[in-house]
Amino acid sequence: MYNTLLVETDSGICTITINRPDKLNALNKEVFNDLDKAIDEVYRNADIRSAIITGSGNKAFVAGADISEFLELTPEQAPALAKRGQDVFDKIENSPKPIVAAVNGFALGGGCELALACHFIYASENAKFGQPEVNLGLIPGYGGTQRLAQVAGRNRAMEMIMSGKMIGAKEAMQYGIVNEVTPPEELIPKVKETLTLIQGKAPVAVAKVIECINNFDHTQQGYDVEVKKFGECFQTEDMKEGASAFLEKRKANFKGK
Ligand code: COA
């Protein structure tokens, strides 16, 4: 079904593996088209409750946008390439189901931006993060200047993006980019463990958490969205079930309604 991805779903968790290992899983037009379709399927398919994005092979998550597509681009065409990437990554960020990046090697340029668009990131000990676009006379174009500044803070983002230097998994955790660092063989099992925990919660509430936190911007608007979404939870059967189950000292049986 996909030329550039391996996709499989097990126990509600859809694992999307970017599969161009000979090019360190670089993101070309075809990967974006495939990823766009795979994320649509995550939204649409009721059997999918959450997703993982990872890279094939043991060297790279994604080593960036495919640089071989850059030289033919005109200044008029380049913004459309950035917009296309941003649209696909926004779709990941706005997914009502959790999508976690399992970073298993280089996450550079568009790879770092892809990981940042996921709801959170787990990384293997050999992972490396960086925005090396300045080495090519470029800047990040798939949301990196915004999301890295939001996640790691303005000053860390300034240093990483201006210098193009790579940081390791532990440093990325200190920066707030990575939630957990694991040995390589434990990466996917650890992400699945956390997603299984989340899948036990009320799906509508989980979707609203994503929506609220995506509106996190230090302004009143974020708080107002939270008030609205909090109110909307009270329209759901799951909220009544969750509160009742607590009071009745039993496990909640959520239906996603
Ligand atoms: N775009 C296109 N091809 C890429 C790529 C990218 N972003 N990153 C790696 N590749 C290709 C290489 O060209 C090479 O292909 P080849 O075997 O046909 O020559 C293959 O993947 C393996 O990469 P290689 O550079 O030989 O591996 P390495 O272990 O020596 O170095 C990196 C690994 C990640 C340090 C290096 O590949 C690199 O710097 N990549 C570019 C990172 C980048 O600038 N990303 C931002 C793009 S905007």
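Model, not experiment: these values are computed from the prediction. Order of listing sets the numbers, starting from 1, for every ligand and every atom in it.
Checked against the 6.0 Å centroid criterion, the rings of Phe129 and Phe61 do not qualify as a close aromatic pair.
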Would you mind listing each N/O atom of ligand 1 next to any protein N/O under 3.5 Å, plus the distance?
| residue | atom | partner | partner atom | Å |
| --- | --- | --- | --- | --- |
| ligand 1 | 1 (N) | Ala65 | O | 3.4 |
| ligand 1 | 1 (N) | Ile67 | N | 3.0 |
| ligand 1 | 7 (N) | Ala63 | O | 3.1 |
| ligand 1 | 7 (N) | Ala65 | O | 2.9 |
| ligand 1 | 15 (O) | Lys23 | NZ | 3.4 |
| ligand 1 | 18 (O) | Lys23 | NZ | 2.5 |
| ligand 1 | 21 (O) | Asp22 | O | 3.4 |
| ligand 1 | 29 (O) | Lys59 | NZ | 2.6 |
| ligand 1 | 45 (N) | Ala63 | O | 3.0 |

Checklist entry - After noting the C-alpha distance and the side-chain angles of Ile177 and Arg156, does the key distance pass the side chain to side chain contact (heavy atoms under 4.5 Å, CB included) rule? => result CA-CA 11 Å; Ile177 296 170; Arg156 300 279 202 205; over 6 Å; no
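A search for side-chain hydrogen bond (donor to acceptor under 3.5 Å, both in side chains) contacts involving Lys165 returns Glu159, not counting sequence neighbours. Here Thr236 pairs with nothing under the side-chain hydrogen bond (donor to acceptor under 3.5 Å, both in side chains) rule; sequence neighbours left out.
A donor-acceptor contact shorter than 3.5 Å links the side chain of Lys97 to the backbone of Ile48.
Residue pairs that meet the side-chain hydrogen bond (donor to acceptor under 3.5 Å, both in side chains) test with at least one member in residues 188-198, sequence neighbours left out, are Tyr122-Thr194.
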